[in-house]
S.K.: 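Pasting in a structure now, in structure tokens, and then I'll have a few things to ask.
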Amino acid sequence: MVSWGALITGSSKSGSSFQSLQLFERMTLEGLQPDEVAFSCAVKACSRNDLLKDGMLMYNMIVKNSFDSNVVVANSLIDMFSKAGCLNEAQKVFTTVHVGNVVSWNAMITGHVQHGNGLRAVELFEEMQQKGVPPDKATYGCILRAFSSLGMLEEEYLVHSSFIQSGLISDTILANTLVDVYSKFGRLDDAYKVFNDMPFRDVVSWSAVVGGYAHHGNNHKAFELFERMKREHIEVD
RNA sequence: CCGACUCUGACCCUA
């Protein structure tokens, strides 16, 4: 038998979040009790498109059914509220899972960065470590964005050095983030150095570095890189 | 046991 959770997940991957929610609704109308996986999928569906109203209803159902103590369900809610800018709601859910896990922290940090509170994001970054939750790649990506939003270039350099120390610099997504962040600071030389040292470059790496030169008026360099991009083999997923 | 959560460029949208 195929579970409803799997159906909802499948539909949200190949189809619309709207379809996922319809499936979820059908499931409950048929008197079936959604499990924690169905709830997390349904919440994720609500985090797209402006479906926060549905998300609030979902939150109520989740609390009623005591699924809010499930860390993955809670993390989906935190992410949904964070992205929508409802950081008080996000914090409320976060509190119910106590320390949660690294994803809980990352979702909170992302929310603050995206809604103009980079300082709070940095505080959370420090707090999680005090509470014994080690940051992961996603955390570092968020924190690069936080420092960027705060205009803290020196801190970017420090995080960058730590990536070189730890080997995280070979992560394509983090390196791409660094390229973009340095570009936005106008540090095209630093951006290019990160780009040039990357073991694997994807289309995002190229776009970020070309975009940096173009945005800062170095059209010649941008064009040159663009030509090189066409010449070299680029792996696109 | 299986299915669920968080990080990257441009475009688009908004302003």
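Below, read A as the first sequence line, B as the second, and so on, with proteins coming before strands; counting in each chain starts at 1. Computed from heavy atoms alone, side chains included, the values below leave out hydrogens, waters and symmetry copies.
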S.K.: Heavy atoms from C-beta onward define the side chain here; which of B/C7, B/U8, B/G9 lies closest to that of A/K83?
M.R.: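 Shortest atom-to-atom distance from the side chain points to B/C7.
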
S.K.: Taking CD from A/E36 and P from B/C2, how many angstroms apart are they, rounded to a whole number?
M.R.: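 In whole Å, B/C2 P and A/E36 CD are 13 Å from each other.
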
S.K.: Assess the side chains of A/D79 and A/N106: does a donor N or O sit below 3.5 Å from an acceptor N or O?
M.R.: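 Judged by distance alone, the side chains do not pair up.
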
S.K.: Taking CG from A/L77 and P from B/A4, how many angstroms apart are they, rounded to a whole number?
M.R.: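 Result: 17 Å.
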
S.K.: Considering only side-chain heavy atoms of A/D180, which listed nucleotide, B/C7, B/G9, B/A4, is closest?
M.R.: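 Comparing B/C7, B/G9, B/A4 against the side chain of A/D180, the answer is B/G9.
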
S.K.: In terms of relative ring orientation, are A/F39 and A/F24 parallel, tilted or perpendicular, with 30° and 60° separating the classes?
M.R.: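 Because their plane-to-plane angle lies in the 30° to 60° range, the rings of A/F39 and A/F24 count as tilted.
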
S.K.: Which whole-number value in Å describes the distance from A/L124 CG to B/C7 C1'?
M.R.: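 Rounded to the whole Å, the gap is 15 Å.
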
S.K.: Students often get this wrong, so: under 4.0 angstrom with heavy atoms, is A/N70 touching a base, only sugar-phosphate, or nothing?
M.R.: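 Base contact - A/N70 has a heavy atom under 4.0 Å of at least one base atom.
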
S.K.: Atom CD in A/E36, atom CG in A/D68: separation rounded to 0.5 Å?
M.R.: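 With rounding to 0.5 Å, CD (A/E36) is 12.5 Å from CG (A/D68).
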
S.K.: Whole-Å distance between B/U14 P and A/Q114 CD?
M.R.: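 From A/Q114 CD to B/U14 P: 19 Å.
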
S.K.: What's the closest nucleotide to the side chain of A/D136 if the choices are B/A4, B/U6, B/G9?
M.R.: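 When the side chain of A/D136 is considered, B/U6 is the closest of B/A4, B/U6, B/G9.
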
S.K.: Of the candidate nucleotides B/G9, B/C7, B/G3, which contains the atom at the shortest distance from the side chain of A/I173?
M.R.: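 Given the options B/G9, B/C7, B/G3, the side chain of A/I173 is closest to B/C7.
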
S.K.: Not counting sequence neighbours, which residues clear side chain to side chain donor-acceptor pair (under 3.5 Å) with A/K221? List them please.
M.R.: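 Residues passing side chain to side chain donor-acceptor pair (under 3.5 Å) with A/K221: none at all.
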
S.K.: Out of B/C5, B/U8, B/A4, which has the shortest distance to the side chain of A/C41?
M.R.: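 Side chain of A/C41 sits closest to B/A4.
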
S.K.: Give one of base, sugar-phosphate or nothing for A/A138, where a contact means two heavy atoms less than 4.0 Å apart.
M.R.: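 Contact class for A/A138: base.
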
S.K.: So what does A/S40 hit on the nucleic acid, given a heavy-atom distance under 4.0 Å: a base, only sugar-phosphate, or nothing?
M.R.: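 Base: the residue A/S40, judged by heavy atoms under 4.0 Å, touches a nucleobase.
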
S.K.: Strictly by modelled atom types, are A/S104 and A/N101 linked by a side-chain donor-acceptor pair under 3.5 Å?
M.R.: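 Yes.
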
S.K.: Between A/K44 and B/C5, is there a side-chain N or O to OP1/OP2 distance below 4.0 Å?
M.R.: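 For B/C5, OP1 or OP2 has a side-chain N or O of A/K44 closer than 4.0 Å.
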
S.K.: Is a donor-acceptor pair below 3.5 Å formed from side chain A/D35 to base B/G3, judging by atom type as modelled?
M.R.: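 Counting by modelled atom types and ignoring angles, a donor-acceptor contact under 3.5 Å is found here.
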
S.K.: In whole Å, I'd like the distance from the CE atom of A/M58 to the P atom of B/C5.
M.R.: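 Checked: the CE to P distance equals 15 Å.
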
S.K.: A/I109 CD1 to B/U6 C1': how many Å, rounded?
M.R.: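 After rounding, the gap between these two atoms is 10 Å.
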
S.K.: Between atom CZ in A/F94 and atom P in B/U6, what is the gap in whole Å?
M.R.: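 Going from A/F94 (CZ) to B/U6 (P), I get 16 Å.
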
S.K.: Could you tell me how far apart A/L144 (CG) and B/C7 (C1') are, to the nearest whole angstrom?
M.R.: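 One finds 9 Å between C1' of B/C7 and CG of A/L144, rounded.
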
S.K.: Can a side chain N or O of A/R145 be found less than 4.0 Å away from OP1 or OP2 on B/G9?
M.R.: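 So the side-chain polar atoms of A/R145 do come within 4.0 Å of the phosphate oxygens OP1 or OP2 of B/G9, strictly under.
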
